[in-house]
There are 2 protein chains.
Amino acid sequence: MPTSPSETAPLRRDAQRNLERILDAARDAFAEDGVEAGVDDIARRAGVGVGTLYRRFPTKEALIDAVVDRRADEIAGLVAEAEAEDDPWEGFVLLLGGLLERHARDRGFKALVADRMAATGRPSLRERLRPQLVRILTRAQDAGALRDDITVEDLTVQVWGAGRAVEITGDIAPDYWRRHLAILLDGLRAPRATPLPGPPLTETEGEALTAAWTAACRSGR
Amino acid sequence: MPTSPSETAPLRRDAQRNLERILDAARDAFAEDGVEAGVDDIARRAGVGVGTLYRRFPTKEALIDAVVDRRADEIAGLVAEAEAEDDPWEGFVLLLGGLLERHARDRGFKALVADRMAATGRPSLRERLRPQLVRILTRAQDAGALRDDITVEDLTVQVWGAGRAVEITGDIAPDYWRRHLAILLDGLRAPRATPLPGPPLTETEGEALTAAWTAACRSGR
DNA sequence: CAGCAAGCGGAGGAGGGGTTCCGCTTTCCG
DNA sequence: CGGAAAGCGGAACCCCTCCTCCGCTTGCTG
């Protein structure tokens with residue numbers, strides 16, 4: 001747990017500085033290339049050797065976790081913003097838009113979204129966010145704006161898919177996500193919803209999916 | 001071009017048999033593991049050595065191409081079926097449903113879909129299919145069933161995203177794609193569609209996207 | 001049946017990741 | 001200031017995958 005400041009002996013000043021540099025470099029590298037960015041590249045960006053990197057993070061995975069942890073506030077902020085929005089539908093749109101926009105601009109974001117709900121690893125983030133998500137969803141449904149036959153699992157899968165689509169378009173048409181989202185929203189709006197076939201995913205299935213998705217993200221794509 | 005039968009000397013009988021075995025094994029391996037299935041694994045499934053495989057296909061990429069070529073008829077058949085359907089909307093739904101169902105059941109299908117439109121490599125398939133696609137789309141629009149502000153590019157991106165989502169759910173909930181599709185269709189239906197923001201992708205952008213998508217599929221996302 | 005070209009298999013090369021190791025440097029504290 | 005412990009760098013290592021090479025085998029043809 002190198003990120004927790006108050007544990008065992010404090011880091012030497014140079015070590016602390018290098019730790020910051022590594023985290024910053026990793027954030028940038030992941031944003032540009034996704035989690036498949038190489039450790040050598042990250043170390044070079046940070047101006048340190050790979051040995052230094054591995055002194056702080058026993059494995060690349062641990063580095064990813066640390067970067068994700070650091071950025072978790074970003075998602076938490078977005079969700080809070082969405083919940084604070086007066087209009088339930090607008091709040092819902094704000095959330096989805098925020099997610100897709102980040103997907104379009106930042107390739108490392110996928111790992112963040114995956115981790116946000118991950119069943120494995122650090123549950124704090126996911127457990128903190130999920131209730132908020134449900135609230136945003138049901139609030140929009142109670143207001144009659146969002147179709148009431150979809151569940152959080154449906155929404156999650158939709159976001160994964162849309163995120164992937166928008167991620168691909170991000171390099172070529174950075175604003176295309178708005179169009180994509182508009183189509184998705186038309187499918188989610190209440191007024192003209194067609195009954196959905198088949199049962200929704202159970203929460204257990206949702207968790208299994210999340211685990212699979214996380215694994216896929218971790219291994220690069 | 002090992003797949004074209006009438007070229008230079010005909011293959012020896014054992015070689016011909018091994019060629020079939022390799023193609024079958026590759027099809028199965030890709031369906032199970034996606035294009036990231038290893039060549040050693042494919043050779044083992046086929047009951048041949050990797051040397052034999054490489055005698056026929058200069059590179060793994062060429063093998064993928066050959067498998068995709070062989071399966072191209074599957075997509076062509078689906079598209080033809082969709083076009084032959086009396087009701088324009090039903091034809092459209094048939095097409096999307098067929099694509100998503102295959103995505104859910106067959107991990108190698110993604111490569112096929114990518115290649116179907118690929119700007120690089122074998123253009124025949126893509127060029128043959130695209131006009132049909134446009135016809136299916138415009139027919140449904142002219143019938144007033146499909147919203148008339150979407151383009152083939154929009155549709156393609158939607159299918160990529162939905163395919164990804166459904167691919168993940170395929171292992172856990174093989175029929176979930178129906179639910180996902182239903183939501184997507186509600187977003188695509190004409191009645192009371194909300195105007196889309198921003199311009200659609202140009203055809204040039206569409207081609208660039210396809211190339212990027214193909215590259216991503218080839219390298220195993 | 002004999003000769004030989006085509007075909008075969010699988011050990012090993014090549015290259016690209018992540019990870020380790022160890023001799024040198026820097027910081028800190030008495 | 002001086003010594004010890006923490007930190008540093010990056011070459012080397014491991015492992016995994018695609019691909020090559022070459023001595024042996026098999027099927028075809030006269």
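So that the names make sense, note that chain A is the first sequence line, chain B the second, and so on, each numbered from 1. Note that these values count all heavy atoms, side chains included, but never hydrogens, waters or copies made by symmetry. Quick caveat: nothing in here was measured; it's all calculated off a predicted structure.
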Discussion item. Please report the interatomic distance CG(L133(A)) to CD(E83(A)), rounded to the nearest 0.5 Å.
Written reply: 9.5 Å
Worksheet item: With sequence neighbours excluded, what pairs up with D41(B) under the side-chain contact (heavy atoms from CB on, under 4.5 Å) test?
Response: A29(B), D33(B), R44(B), R45(B)
Fill in: For chain A, the stretch of DNA chain D it reaches, first to last nucleotide, under 4.0 Å of its heavy atoms
dA5(D) to dA11(D)
Item to complete: First locate atom CG of L184(A), then atom CG of L188(A), and finally report the distance between them rounded to the nearest 0.5 Å.
Response: 4.5 Å
Practice prompt. Let me know, please, whether R12(B) or R17(A) comes out on the 5' side of the other along DNA chain C by nearest nucleotide.
Written response: R12(B)
Worksheet item: Would you say F57(B) and L23(B) make side-chain contact, with heavy atoms under 4.5 Å?
Response: yes
Discussion item. With a 4.0 Å cutoff (strictly under), does any side-chain N or O of R55(A) reach OP1 or OP2 of dC21(C)?
Written reply: no
Practice prompt. Rounded to the nearest angstrom, tell me the gap between atom CG in D41(B) and atom C1' in dG10(C).
Written response: 16 Å
Worksheet entry | Distance in Å, D24(A) CG paired with R21(A) CZ, rounded so as to fall on 0.5 Å steps | 10.0 Å
Practice prompt. Kindly compute the distance separating CD1 (I22(A)) from CD (E20(A)), expressed to the nearest 0.5 Å.
Written response: 10.0 Å
Discussion item. Looking at R70(B) and A66(B), would you say the former's side chain and the latter's main chain have a donor-acceptor pair under 3.5 Å?
Written reply: no
Item to complete: Grab the CG-P distance between L53(A) and dT19(C) for me, whole Å please.
Response: 10 Å
Practice prompt. Between protein and nucleotides 11-18 of chain C, map the contacts as a letter string: B base, S sugar-phosphate only, - none, heavy atoms under 4.0 Å, written 5' to 3'.
Written response: B------S
Worksheet item: Any donor-acceptor pair under 3.5 Å linking the side chain of T151(B) with the backbone of D154(B)?
Response: yes
